[in-house]
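This report refers to the structure that appears directly beneath it.
Whatever order the structure lists ligands and atoms in, that order sets their numbers, starting from 1. Counting from 1, the numbers follow the sequence of the chain as shown. Hydrogens, waters and symmetry mates play no part in the numbers below; they use all other heavy atoms, side chains included.
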Amino acid sequence: MKPRKFLALLLGASMLTPLPAGALAPPDLRQEAIANVDSHTKMVQVMVDTVFSFGEPGFQEFRTSDYLTSILAKNGFKITKGVAGMPTAWTATWGEGGPLIAIGSDEDDLRGVSQIPGDPKVEPIVPGAPGHGEGHNSGVPLVITAALAIKAVMEKHHLKGRLMLWPGIAEELLGSKAYYVRDGLFKGVDACIFAHVDSNFATQYGAANNGMISVEYTFHGKTAHAAADPWDGHSALDAVELMDVAMNFRREHLPLSQRTHYVITNGGGQPNIVPGVASVWYYFRDYTFDRVKELFDIGNRTADAAAMATDTTVEHKTLGFAAPNYGNKPIAELLQSNIEAVGMPKWTADDQAFAKLVQETQQRKVEPLRDKVTPLRAPRGEDAVQTGGGSDDIGDIMWTVPTVTLRYPANIPNMIGHNVTSAMAMATPVAHKGTVAGAKALALTVLDLMTSPDELTKARAFFDNDQQKYDHYKPLLTAGDAPAIHVNDDYMRTYRPLMEPYYYDASKYPSYLDQLGIKYPSPPTGPLRKITPPKTFGDTASGG
Ligand SMILES: [Zn+2]
């Protein structure tokens with residue numbers, strides 16, 4: 001019996017695509033890794049719930065990073081903090097000799113989407129505060145769980161090899177990974193696996209996701225009394241509005257694959273002062289490096305034109321960048337075989353009841369938590385019409401070392417992205433079970449890579465040949481660009497003290513739902529909020 005088949009039977013999972021036996025870690029090592037992950041299920045729940053309760057947005061992941069790195073430090077990993085010029089960024093390394101495998105996931109959340117978990121109604125923990133409306137609270141806990149399992153197996157069997165854990169800081173701002181690459185964080189890395197929350201258990205290879213550049217335009221005019229002598233003023237806000245109108249007309253004549261959107265971050269102070277300074281923040285997205293550059297150039301010309309029309313001046317600052325994604329085929333095939341070996345979590349009637357309650361309450365398509373893993377997704381054809389979509393700065397790492405994204409089933413299907421609905425399940429058993437399943441697939445794949453040099457050779461060959469035939473890494477960061485670590489600091493100065501009373505205390509409560517008095521899967525019955533803070537900031541989400 002082939003080892004993989006043996007393992008699949010052990011796990012009670014279905015076998016779809018057996019790989020050659022020689023390409024895999026020995027079955028006993030794989031079983032140990034699975035058992036190790038299973039022994040950490042309580043720890044997974046505590047980590048997922050704790051990070052959910054910290055709810056920190058991009059570049060403000062201070063508590064989250066301290067908490068997660070302290071767990072890794074306690075378990076023998078060497079921690080380096082403040083990497084690539086970002087105070088909240090870190091790496092955790094362990095091992096000796098052999099291949100160097102990087103594993104990572106995002107940590108940050110979204111402005112204004114605070115949500116009580118286990119509640120199917122829109123109900124913030126703290127109104128206006130940030131919240132895990134994308135489920136990033138489960139990612140690094142998954143990676144840590146897999147790392148502990150891999151480390152235990154490698155120690156027991158005296159395997160050579162090194163692990164590097166890294167966090168996606170400010171992913172919703174596309175804010176960190178291009179800087180990791182620029183600073184050489186991935187030098188010497190043989191392969192990378194990135195984990196991202198989903199309602200599916202899946203991976204894919206080839207081109208995916210749009211590239212993106214995030215740019216803030218600031219116009220400088222001249223203030224004047226808006227009623228007494230408006231002719232002495234030059235309105236920076238007029239320039240912002242003209243730029244936005246021009247971009248919205250231009251949109252009709254841009255490729256279907258592009259996505260352009262903006263928020264006005266400074267529209268002036270009060271109506272009787274002609275605004276002397278105003279700012280607008282744009283995301284420009286398209287599916288190749290060259291098209292992102294073209295779109296960025298259009299934005300810059302439009303800003304110049306708006307400045308000319310209003311006798312103002314304009315400067316722009318790059319706040320983030322994401323390369324288009326490109327997944328490595330050999331690693332995706334290996335990961336897919338492990339996703340299939342692990343199979344979907346065993347959802348209970350309570351889990352299904354909660355999913356249905358959320359979908360019905362939020363008027364989303366009603367569909368049970370999925371019971372089958374997703375088949376390996378091939379890349380879109382080159383002739384396919386590209387119709388846009390989101391971005392992830394994992395792209396920058398994908399163009400630096402052979403990399404794939406693991407999507408793990410820790411959320412309810414058919415929720416709205418960057419929205420409170422996507423936070424409702426993220427500190428419930430649905431999130432905990434999906435994170436455990438994802439950690440198993442990750443641990444197995446890393447062990448396969450550690451013990452099968454052929455797999456790494458194949459991955460490197462695909463990266464050097466197939467991927468480079470498609471395109472080359474062309475980041476739009478200039479030498480003067482630096483991580484936008486100032487973003488969200490004012491916001492968190494207001495909200496952090498209001499959120500602290502709701503941090504999860506795992507020493508007192510078995511789960512965050514228990515702490516909040518919620519009897520899963522039933523909706524909360526009483527009021528949960530202890531304080532009602534003033535609403536200082538808008539509740540617009542940003543990023544991703
Ligand atoms: Zn994300």
Side-chain angles (χ1 to χ4, degrees), residues 47-48 51-52 54-61 64-65 68 86 88-89 103-115 130-143 165-178 180 192-204 208-212 214 259 261 283 285 319-325 327 388-398 403-427 430-431 434-435 438 442 487-488 540-544:
M47 289 192 289
V48 167
V51 177
F52 184 95
F54 289 161
E56 293 175 310
F59 294 119
Q60 305 302 316
E61 308 93 338
T64 305
S65 288
L68 295 169
M86 287 167 269
T88 55
I103 52 180
S105 191
D106 302 325
E107 276 189 14
D108 61 319
D109 70 355
L110 296 155
R111 288 171 74 125
V113 294
S114 172
Q115 170 66 30
H132 274 288
E134 185 160 316
H136 286 177
N137 59 303
S138 57
V140 179
L142 180 157
V143 170
L165 281 71
W166 56 271
I169 293 303
E171 188 280 328
E172 302 294 1
L173 305 167
L174 291 313
S176 66
K177 296 177 195 120
Y180 287 166
C192 175
I193 304 176
F194 171 65
H196 196 284
V197 62
D198 207 286
S199 54
N200 290 311
F201 206 178
T203 188
Q204 68 185 106
N209 270 350
N210 273 331
M212 192 227 52
S214 158
R259 287 280 190 282
H261 28 255
Y283 279 16
R285 311 186 198 235
L319 299 182
F321 176 75
N325 290 8
S391 313
D392 193 309
D393 51 0
I394 189 61
D396 294 80
I397 298 170
M398 288 175 150
T403 302
V404 294
T405 295
L406 159 67
R407 298 198 165 268
Y408 56 94
N411 211 341
I412 297 172
N414 309 323
M415 298 295 100
I416 304 171
H418 291 181
N419 179 277
V420 288
T421 53
S422 292
M424 289 167 176
M426 285 314 304
V430 173
T435 304
L442 178 57
V487 176
N488 291 326
T540 49
S542 61

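Taking every heavy atom of both residues into account, Gly438 and Tyr408 meet most closely at CA-CB, 3.8 Å.
Not a single donor-acceptor pair under 3.5 Å links the side chain of Ser138 to the backbone N or O of Thr435. Proximity of a side-chain donor or acceptor of Thr203 to a complementary backbone N or O of Thr405 within less than 3.5 Å is detected. In this structure, Glu61 contributes its side chain and Ala170 its backbone to a donor-acceptor pair below 3.5 Å.
Two residues are said to be in side-chain contact when any heavy atoms from C-beta on lie closer than 4.5 Å; Glu171 and Lys177 meet this criterion. Considering only heavy atoms from C-beta on, Leu110 comes within 4.5 Å of Glu134 through its side chain.
The Zn ion (ligand 1) has Glu134 OE2, His136 NE2, His196 NE2 as protein N, O or S atoms under 2.8 Å away.
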